[in-house]
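On a predicted model such as this, the values are computed, not experimentally measured, just so you know.
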Amino acid sequence: MSKTTPDAPDAPVGDQDLGAAGSQLSTAPAESLNMPALGVIGWARWFWRQLTSMRVALLLLLLVALGAIPGSLIPQSGTDATKVADFVKNNPTLGDVYDKLGLFHVYSSVWFGAIYILLFVSLIGCIIPRTWQFVGQIRSRPPGAPKRLTRLPAYTTWRTGAEPEQVREAALTLLTKRRFRAHLAGDNVAAEKGYLREIGNLAFHIALIVMLTAFAWGQLFKSEGNKLVVEGDGFANTLTQYDDFKSGNLFSTDDLVPFSFTLNKFTGTYETSGPNTGTPRLYQAALTYSDGAYGKDRKTLVKVNEPLEIGDAKVYLTAHGYAPVITVRDGKGNVVYSDAVAMLPLDSNVTSTGVVKVLDGYKNAKGLSEQLGISAFFLPTYTKGSETASTFPALNNPVLNLTPYHGDLGVDSGIPQSVYQLDKSHVKGFKDSKGAQLRENLKPGQTMQLPDGAGSVTYESTKQWANFQVVQQPGTDWALAGSLTAIFGLAASLFIQRRRVWVRAVRGADGVTVVEMAGLGRSESAKLPEELGDLAAILYDQAPGAPGPDEDPPHDDTTPEPRVVPSEGAETK
């Protein structure tokens with residue numbers, strides 16, 4: 001009987017006897033219970049062990065997730081600087097606190113970058129030693145059987161008249177067919193299976209690094225811009241062509257994919273009856289595009305969620321509206337403005353608003369240069385009794401409501417203006433015959449005459465416009481591959497059990513061969529005794545049982561098969 005020391009901590013039952021057989025079923029780094037020695041090197045080693053531990057990696061993952069919350073709830077300067085300015089204006093105290101904490105630019109802040117980098121270091125420092133240790137286990141053979149197989153969680157034994165060598169050879173063949181890594185180790189056969197569990201575990205952690213790298217790469221080098229294009233007009237992928245544009249911190253204009261396209265026609269159809277009346281059925285834009293500066297023209301259709309892909313750029317169809325063609329003439333009949341004016345939708349029936357600004361070339365009836373501003377409301381389907389809103393989004397009965405002004409539009413003041421808004425502080429309205437503000441509804445082909453020979457405004461026809469979003473975000477394919485790998489790796493690490501099986505066959509004192517089979521898994525599972533029982537039943541058919549020393553020979557040719565029983569100190573399976 002072995003002696004025990006009173007001060008020694010209690011060890012799990014059977015650990016003293018398993019030795020190498022029960023070791024290295026996991027590649028997790030062993031944690032030392034001893035405090036590091038004092039000194040710089042000792043504390044550095046202790047800090048590195050803590051940083052590369054799994055619990056710290058999980059904590060850093062949690063911090064990344066928590067850090068992303070303010071980035072989603074608080075307006076970000078890189079996404080919408082106007083909202084940030086409005087937030088600071090409405091909440092000066094809170095806005096100053098947020099600014100100092102970097103909450104208006106979370107993903108480029110120092111603290112978020114520090115967490116991200118520490119997570120990288122933690123994962124890499126955890127994976128490298130595990131991988132090296134796992135490679136060593138793959139290259140080595142499963143360890144031989146421990147002395148006392150009865151201490152293992154699953155165990156069975158029987159006596160047989162077959163020779164020990166025959167039993168071992170049969171066991172080796174059986175385990176090899178069952179995809180175990182098996183070899184002869186003295187008087188026993190050692191086998192191991194379930195390496196995909198650790199491969200899945202390592203694949204999961206490597207996939208996390210790939211995903212984090214892809215996300216960071218995508219955020220640093222991404223670009224996103226919007227462009228409204230009227231039918232017949234085109235777009236070239238240069239920075240000056242965009243209506244608005246935002247990009248990552250490391251993005252350069254040289255990274256823009258060279259291409260261009262022309263919007264030939266936009267087609268939209270809608271439900272005409274039922275509860276979903278007015279709901280879009282089809283949105284598609286017919287484009288002619290060219291890849292590169294001298295690419296060949298090609299035709300394609302861009303639909304919602306079906307973007308045009310050119311290199312690393314994707315062109316999405318995001319919005320649609322109408323653009324009435326308006327012609328403005330001065331008092332002498334000279335055309336001073338003629339163009340399609342894009343209107344912004346106000347509701348689901350595409351009731352739209354817009355502004356016509358004539359900045360140069362117009363002269364009033366007295367020959368003086370002035371600027372014209374015209375507020376416009378567009379109703380695709382005009383119905384009597386609902387003059388302020390369209391009743392259907394299609395062009396069933398288009399009407400353009402115009403309200404003209406003249407004077408100084410303020411565009412020369414240096415203050416930026418929206419092309420969809422009219423500054424009325426320095427303009428006067430045209431008066432009708434009753435002295436009221438001039439305002440008329442026009443149908444296609446109709447003209448509104450300005451009073452006192454000041455000119456005319458004609459509603460020529462109606463075009464449609466489409467808004468396109470051009471997105472370049474590298475690393476998306478890597479992020480997808482990392483996500484899929486992480487899912488399969490996690491599934492493998494959760495559902496595959498790594499286990500070892502030993503078969504010992506030795507000649508007993510009475511000359512009869514004694515066969516012992518035992519199994520050990522990385523974690524407790526009811527499948528291990530079942531698998532061992534299945535293996536034992538097959539091996540028993542090849543090495544049938546013999547009567548014990550105190551038993552009478554059986555009266556027939558049958559002998560009870562072995563039964564897997566719970567071993568000493570182990571839970572019943």
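When ring centroids are compared, Phe47 and Trp43 stay outside the 6.0 Å threshold. In summary, the aromatic rings of Phe204 and Phe488 are positioned with their centroids too far apart to meet the 6.0 Å limit. Residues Phe221 and Phe251 keep their aromatic ring centres 6.0 Å or farther apart.
The backbone N or O of Leu287 sits nowhere less than 3.5 Å from a side-chain atom of Thr300 that would complete a donor-acceptor pair. Without hydrogens or angle criteria, Arg498 side chain to Arg197 main chain gives no donor-acceptor distance under 3.5 Å. Between the side chain of Arg504 and the backbone N or O of Lys147, at least one donor-acceptor pair lies under 3.5 Å.
Counting heavy atoms from C-beta on, the side chains of Leu535 and Leu175 come closer than 4.5 Å.
In this structure, Tyr283 and His320 have tilted ring planes: the angle between them lies in the 30° to 60° band. Using bins of under 30°, 30° to 60° and over 60° for the plane-to-plane angle, the ring pair Phe261/Phe235 lands in the tilted bin.
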* To do: Evaluate side-chain hydrogen bond (donor to acceptor under 3.5 Å, both in side chains) for Thr318 paired with Asn467, printing each intermediate quantity in order.
  => CA-CA 6 Å; Thr318 58; Asn467 191 78; 2.9 Å; yes
* To do: Using the side-chain hydrogen bond (donor to acceptor under 3.5 Å, both in side chains) rule, take Asp243 and Asn226 through it: C-alpha gap first, then chi angles, then the decisive distance, then the call.
  => CA-CA 6 Å; Asp243 296 329; Asn226 290 280; over 6 Å; no
* To do: Decide side-chain hydrogen bond (donor to acceptor under 3.5 Å, both in side chains) for Tyr316 and Asn305; before the verdict, give the C-alpha distance in whole Å, the side-chain angles of both, and the deciding distance to 0.1 Å.
  => CA-CA 7 Å; Tyr316 292 91; Asn305 296 326; over 6 Å; no
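Under the 4.0 Å criterion applied to side-chain N and carboxylate O atoms, Arg507 and Glu163 are assigned as salt-bridge partners. A salt bridge links Arg178 with Asp534: the closest approach of a Lys/Arg side-chain nitrogen to an acidic carboxylate oxygen falls below 4.0 angstrom.
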